[in-house]
S.K.: 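Just passing along the structure, written as structure tokens.
In what follows, residues are counted from 1 in the order of the sequence shown. These numbers come from a predicted model, not from an experiment.
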Amino acid sequence: MEIFSQLGDFILHFDKHLQEVIRDYGAWTYGILAFIVFAETGFVVTPFLPGDSLLFAAGLFAHRAELNVWILFFLLTAAAILGNSTNYAIGRYAGHKLFRNEKAKFLNPANLAKTHAFFEKHGPLAIVVARFVPFARTFAPCVAGMGAMPPAKFQFYNVVGAVLWVGGFVFAGFLFAEIPVVRDSFSMVVLGIIGITLLPFVFELVRHGWRARVSRKER
């Protein structure tokens with residue numbers, strides 16, 4: 001439980017932790033941020049790493065001139081593209097072996113089924129849409145690889161999604177940094193970001209539950 005508590009603190013107060021990283025590592029901060037973005041999207045076992053909040057916080061510090069917003073945009077976009085490409089390759093060559101354990105925390109058949117349903121609803125655009133949904137963006141490229149989506153088609157949507165995701169959150173942090181609630185209550189902003197990005201999953205769960213109730217009544 002202590003690990004999850006520390007992880008929650010890391011995500012909710014990422015602005016404070018990023019301030020410490022910038023102070024201690026200087027220009028190496030860009031590499032650290034790029035690795036986190038790559039790992040969150042590239043390794044199927046790391047969906048818990050910060051994504052949206054990391055990008056937003058990076059943009060906030062770019063506004064304070066402690067980081068360069070254009071270096072962030074191009075470097076983190078490249079990391080996101082490479083991450084998804086790695087995840088796609090994992091799915092293509094080893095995906096079906098990863099989601100066998102029903103008791104696994106993240107890599108379980110239930111999460112795989114949810115991501116498959118996500119693809120059924122959105123088609124290839126799921127690669128773009130999933131960028132903005134925690135956990136889905138980690139599993140979606142793997143599922144695309146498992147489903148043998150053509151590499152050229154995958155890369156097109158991969159690049160579009162990475163540009164929109166990284167650009168959207170980095171430049172949002174950069175532009176909205178001086179709004180009092182953003183400047184003074186970053187943890188509330190992060191909770192808001194998490195809440196908004198989880199809305200599609202909540203909607204699907206509610207709709208699935210409603211359909212199940214209707215189906216039982218009809219019987």
Side-chain angles (χ1 to χ4, degrees), residues 7-42 46-84 122 125-138 140-141 156-203:
L7 179 61
D9 177 75
F10 180 72
I11 294 173
L12 291 177
H13 302 100
F14 190 77
D15 57 329
K16 296 177 182 178
H17 295 291
L18 183 54
Q19 178 74 71
E20 296 169 359
V21 170
I22 294 171
R23 181 194 64 207
D24 295 341
Y25 296 99
W28 286 100
T29 301
Y30 294 108
I32 294 170
L33 293 176
F35 177 76
I36 294 175
V37 170
F38 172 82
E40 199 249 358
T41 58
T46 51
F48 51 82
L49 290 174
D52 306 332
S53 58
L54 178 148
L55 298 174
F56 191 87
L60 187 150
F61 279 95
H63 179 88
R64 299 176 185 175
E66 296 185 50
L67 295 170
N68 182 287
V69 70
W70 291 108
I71 293 177
L72 286 172
F73 172 67
F74 287 112
L75 183 64
L76 299 186
T77 296
I81 292 170
L82 290 172
N84 259 21
H122 298 286
L125 276 175
I127 298 297
V128 177
V129 176
R131 284 285 190 185
F132 298 87
V133 183
F135 291 92
R137 66 170 159 264
T138 303
F156 173 79
Y157 290 102
N158 179 23
V159 171
V160 171
V163 170
L164 293 176
W165 180 54
V166 174
F169 280 102
V170 167
F171 287 113
F174 184 80
L175 294 173
F176 301 145
E178 286 306 314
I179 296 177
V181 68
V182 175
R183 186 181 63 241
D184 304 328
S185 303
F186 185 78
S187 59
M188 296 301 295
V189 174
V190 171
L191 286 174
I193 291 172
I194 293 173
I196 291 171
T197 52
L198 284 176
L199 278 177
F201 270 161
V202 173
F203 176 76

S.K.: Apply side-chain contact (heavy atoms from CB on, under 4.5 Å) to F156 and list each qualifying residue two or more places apart in sequence or on a separate chain.
M.R.: V160

S.K.: Consider side-chain contact (heavy atoms from CB on, under 4.5 Å). Of L55, I81, I36, which one does L76 pass it with?
M.R.: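 Among the candidates, only L55 passes.
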
S.K.: Roughly how far, to the nearest 0.5 Å, is the CG atom of L60 from the CG atom of L175?
M.R.: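 These two atoms lie 11.0 Å from each other.
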
S.K.: Over all heavy atoms of both residues, which pair between W165 and A80 is shortest? Give the atoms and the distance, please.
M.R.: CZ3-CB, 4.1 Å

S.K.: Kindly compute the distance separating CZ (F171) from CG (L72), expressed to the nearest 0.5 Å.
M.R.: 9.0 Å

S.K.: Please enumerate all residues that pass side-chain contact (heavy atoms from CB on, under 4.5 Å) together with I71, with sequence neighbours excluded.
M.R.: Y30, N68

S.K.: For F38, which residues count as a ring pair (Phe, Tyr, Trp, His ring centres under 6.0 Å) partner, sequence neighbours excluded?
M.R.: F43

S.K.: If you round to the nearest 0.5 Å, how far is CZ of R131 from CG of N158?
M.R.: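 Here the interatomic distance stands at 5.0 Å.
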
S.K.: V163 and F73: which non-hydrogen atoms are nearest, and at how many Å?
M.R.: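 Taking V163 first and F73 second, the nearest heavy atoms are O-CE1, 3.9 Å.
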
S.K.: Could you walk me through whether F61 and L33 pass the side-chain contact (heavy atoms from CB on, under 4.5 Å) test, one step at a time?
M.R.: CA-CA 12 Å; F61 279 95; L33 293 176; over 6 Å; no

S.K.: Just one of I127, V129, D52 clears the side-chain contact (heavy atoms from CB on, under 4.5 Å) bar with R137, so which one?
M.R.: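 Going through I127, V129, D52 one by one, the side-chain contact (heavy atoms from CB on, under 4.5 Å) with R137 is satisfied by D52 alone.
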
S.K.: Hey, what's the ring geometry for F174 with H63, parallel, tilted or perpendicular (30° and 60° as the breaks)?
M.R.: perpendicular

S.K.: Could you report the tightest heavy-atom contact between A34 and A79, atom names first, then the distance?
M.R.: O-CB, 3.4 Å

